[in-house]
Amino acid sequence: MTAFCEQVVKKVKGSFPASRSLYVCANTICENKEVYMHPKSVRTRFAPSPTGYMHVGNLRTALYEYLIARSSDGEFIVRIEDTDQQRQTEGAEELIFTTLEKVGLAHDEGPDVGGPYGPYVQSQRLDLYPGFAHKLIDSGHAYRCFCDKNRLESLRHDAASEEYAASGYDRKCRNLSCHAVDELLASGKPYVIRQKMPLEGTTSFEDAVFGRITVDNSELEDQILLKTDGFPTYNFANVVDDHAMRITHVVRGSEYLSSTPKYNLLYDAFGWEKPEYVHLPLIIGEDGRKLSKRHGAVSFSNLVEQGYLPEAIINYLALLGWCPKENRELYSLEELCEAFSVDRISKSPSVFDYQKLEWFNGEYIRKMAASEFLSHCEPWLAQVFGTIPPAATLLAELLQPRVTRLSDIPDMIRFLAVHQQADVSLYTNKKSKSTLDSTIKVLPAVIEKLSGLSQWDRESIHDALISLAQELEMKNGQVMWPARIAVSGQSVTPGGAIEILLLLGKDESVSRLNKVYAFLSDQKEPS
RNA sequence: GGCCCUAUAGUCAAGCGGUUCAAGACGCCGCCCUCUCAAGGCGGAAGCAGGAGUUCGAUUCUCCUUAGGGUCACCA
C-alpha cells in the first residue's frame with residue numbers, strides 16, 4: 001500500500017516517466033480509483049485526431065468541452081488521438097495547439113503542458129492497451145480473431161450473407177477452441193482482438209442532451225479493439241484513456257451516439273464507472289448534410305483567412321446548438337463560461353450560416369478600439385499599397401463601420417491606389433440630380449476651387465465644395481456626386497466625396513479630376 | 001436496407017398544457033438619416049410537417065405517417 005501511494009504521489013506530481021511501467025501504474029489506478037482522485041471535479045477532454053486541419057465542428061466540440069469544465073470549475077484536457085498511422089500529417093498537432101491558443105481555450109493538461117495523467121498522446125501510450133485487451137480476453141469479454149482483410153472484404157461484398165449484415169463481422173473466431181487458438185498463435189498468424197458483444201438483451205444509457213438511448217445488443221458488432229499492428233482502435237483507446245485520465249464528461253458529436261453502447265459495455269467489462277455523456281448536435285451545411293470541405297471554408301484557418309475574427313467565430317459557434325437563458329447574442333469567452341449550461345444544448349442539427357457569422361464579425365469589428373482595428377487593417381492595406389499609407393488612420397476610420405470581413409478590404413480600397421475611369425453612365429444619378437452635362441459643367445469649377453485651397457482637410461474641402469454649389473446655384477449632390485465618381489472611378493466607396501478627396505491628397509485629386517475632365521470632354525465632342 | 005436520432009419562418013432559435021403565446025437574432029423588404037455605400041434608428045412580410053389520441057384545453061404529452069440526418073471500417 002505504501003508503495004502504491006508513493007507511485008500515486010509520483011504520478012500526481014508529474015514526475016512519472018513514460019515507460020513500460022506505465023501499464024502497471026495505469027492498472028493500479030484503474031483498480032484503486034477511490035484512492036486516486038477528487039471525484040467531484042469535472043474533467044472534460046478534447047481528443048482530436050491530428051488530421052491537419054481544425055474543422056469548425058471540432059472547434060465547437062472543444063469550446064463546449066471547455067465551457068463545461070470552466071462553468072463548474074473543472075479541468076479541460078487535450079489528448080491527441082493518433083492511433084491511425086495512415087493519417088498522420090506533418091504539423092497537425094501544432095495546428096491544434098495554435099488554434100486553441102488563438103481562440104483562448106486554455107487547457108490544464110495536455111502533451112504540451114504536461115499533467116499528472118500523461119502521456120497525452122496515444123501513440124506514446126501504446127504499451128498500455130494490449131494489457132487491457134488481454135485482460136478482456138481472460139475475463140471472457142474479448143477474443144482473438146484471425147480473419148484476414150480479404151475474408152472480411154468478401155464477407156462484406158457477399159450480399160447473401162445475411163448473418164454479416166445483421167452484426168457486421170460474422171463472429172467466426174468467437175468460439176475458437178483453445179487448441180485452435182494455440183495452433184494459430186504458434187503459426188505466427190496475425191490477429192486482432194475483438195470485443196465480445198452480448199447476443200441478446202438491450203443496452204441503454206442516459207445522454208445529457210438526447211436523453212435515454214436504447215439499442216438491441218444484437219445490433220452491436222464484435223468491434224476490433226486491437227489492430228494487427230498492435231495499435232488500439234479509437235473505440236478502445238478512447239475508453240481506456242478516458243478512464244485512466246479520469247474524464248467525467250465525454251463530450252462529442254452525435255455521430256458517436258450509436259456506438260456509445262459498445263463503449264459502455266467495455267466500461268462494464270472492466271468494472272469501471274461510466275462517464276456522463278454529452279452528445280452534440282451536428283453542424284450541417286445548407287444542403288442538410290454534415291458540414292464538410294465541399295461546403296466551402298469549414299476549418300478554423302480557412303475562416304481566419306477569409307477575414308473572420310477568432311472571437312466572432314467562437315461567439316457564433318457557441319450559439320450554434322446552444323441558447324443562453326438571457327435573450328442576447330454577444331458573448332465573450334469569459335461571459336460564456338458564466339452563462340453556459342448543458343441543459344440548453346439543442347438536439348436538432350444546425351446549419352452553419354455564413355451570413356450570421358458575418359454579422360457577428362461586423363459587430364466585433366465595430367466594437368473594437370480604433371487603434372486595434374487599424375492594426376488589423378494594416379496587412380490588408382499593405383497588400384494594396386505595398387506599404388502602410390500615411391492616411392491609414394483615416395482609412396481605418398472609414399472602413400470600420402463598413403467592413404464585415406477583413407479580407408474584403410483590398411477590393412474596397414484598391415481604387416485609391418489605381419485610378420480607373422468611371423463608366424460614363426455613372427455620372428448620371430437621379431437622386432443627386434447629376435447628369436453627364438452637369439458633370440462637365442461642374443468639374444472645371446471643382447478643379448479650380450480645389451486647386452486654390454491652401455489647406456487640405458475635411459473642413460476646407462467641405463466648405464469649398466458647398467460654397468461652390470451655392471455659387472453655381474446647384475444642389476450639393478450635383479457637385480459631390482460627380483467629384484466622388486470622377487476621383488474614385490466607382491459608384492460605391494467607403495466614405496463620401498470629401499473623405500475620398502482627403503484620402504487621395506490634393507495633388508492626386510486634382511490630377512485625377514483633370515484627367516477625367518479631359519476624358520469626358522473628348523467623349524462629349526463627337527455627339 | 002437494419003438500427004439510432006431529429007422536426008417552431010430561408011437560417012439560428014425562445015417556448016418546457018392555459019397569465020403575453022407564437023419571443024429575439026441573422027437575412028429579406030420599406031421608411032428615416034445622408035455627398036455614394038455602410039453604420040445607426042423605425043417599421044414590415046415570413047413559422048409550430050401531416051394525422052390520430054390523452055385532456056376542459058395542446059406548439060408543448062403519446063402513437064402513426066412523412067421528411068431529413070447519423071451510423072453500420074484493422075477511421076476517428
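Residue numbers begin at 1 in each chain, while the letters A, B, ... track the order of the sequences.
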Engineer: Listed in order of residue number, which residues of residues 487-497 of chain A have a non-hydrogen atom at under 4.0 Å from RNA chain B?
Structural biologist: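 Correct list: S491(A), V492(A), T493(A), G495(A), G496(A), A497(A).
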
Engineer: Write down the partner of U34(B) under the Watson-Crick or G-U wobble criteria, each distance required to be under 3.5 Å.
Structural biologist: none

Engineer: P atom, C4(B) versus C26(B): distance in rounded Å?
Structural biologist: 40 Å

Engineer: Among residues at least two apart in sequence or on other chains, which ones pass side chain to side chain donor-acceptor pair (under 3.5 Å) with R151(A)?
Structural biologist: D170(A)

Engineer: Using the C1' atom in both, what is the distance from A23(B) to U62(B), to the nearest Å?
Structural biologist: 28 Å

Engineer: By side-chain contact (heavy atoms from CB on, under 4.5 Å), which residues pair with H419(A), not counting sequence neighbours?
Structural biologist: R512(A), K515(A), V516(A)

Engineer: Near RNA chain B, under 4.0 Å by heavy atom, which residues of residues 323-330 of chain A?
Structural biologist: C323(A), N327(A), E329(A)

Engineer: For K347(A) and U6(B), is the shortest distance between a side-chain N/O and OP1 or OP2 below 4.0 Å?
Structural biologist: yes

Engineer: Answer yes or no: side-chain N or O of T228(A) and base N or O of C74(B) forming a donor-acceptor pair under 3.5 Å.
Structural biologist: yes

Engineer: In the 5'-to-3' direction, what one-character label does each nucleotide of nucleotides 62-69 of chain B receive under the scheme B = base within less than 4.0 Å of a protein heavy atom, S = sugar-phosphate only, - = no such atom?
Structural biologist: -------S

Engineer: Please, which pairs that meet ring-ring contact (aromatic ring centres under 6.0 Å, His included) have at least one residue in residues 194-234 of chain A, sequence neighbours excluded?
Structural biologist: F205(A)-Y277(A), Y234(A)-Y256(A)

Engineer: Salt bridge check: are R328(A) and E335(A) linked by an N-O gap of less than 4.0 Å?
Structural biologist: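 Yes, charged N to carboxylate O under 4.0 Å.
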
Engineer: Could you note down all residue pairs passing salt bridge (Lys or Arg N to Asp or Glu O under 4.0 Å) where residues 475-493 of chain A supplies at least one of them, sequence neighbours left out?
Structural biologist: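 Those involving residues 475-493 of chain A do not exist here.
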
Engineer: Listed by chain and number, what are the side chain to side chain donor-acceptor pair (under 3.5 Å) partners of T99(A), not counting sequence neighbours?
Structural biologist: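 If we apply the side chain to side chain donor-acceptor pair (under 3.5 Å) test to T99(A), skipping adjacent residues, there are no hits.
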
Engineer: Going by ring pair (Phe, Tyr, Trp, His ring centres under 6.0 Å), name the residues that satisfy it together with W322(A), two or more places apart in sequence or in a different chain.
Structural biologist: F340(A)

Engineer: Please name all residues satisfying side chain to side chain donor-acceptor pair (under 3.5 Å) with Q490(A), sequence neighbours left out, ordered by chain then number.
Structural biologist: none

Engineer: Each nucleotide N or O in nucleotides 27-29 of chain B that has a protein N or O under 3.5 Å away: list the pair and distance.
Structural biologist:
residue: G27(B); atom: O2'; partner: Q355(A); partner atom: OE1; Å: 3.4

Engineer: For residues 392-429 of chain A, which residues have at least one heavy atom under 4.0 Å from RNA chain B?
Structural biologist: P401(A), R402(A)

Engineer: By the 4.0 Å heavy-atom rule, please label V351(A) as base, sugar-phosphate, or nothing.
Structural biologist: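 V351(A): backbone/sugar contact only, no base atoms under 4.0 Å.
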
Engineer: OP1 or OP2 of A76(B) less than 4.0 angstrom from a side-chain nitrogen or oxygen of T51(A), does that happen here?
Structural biologist: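 Checking A76(B) against T51(A), no side-chain N or O comes under 4.0 Å of OP1 or OP2.
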
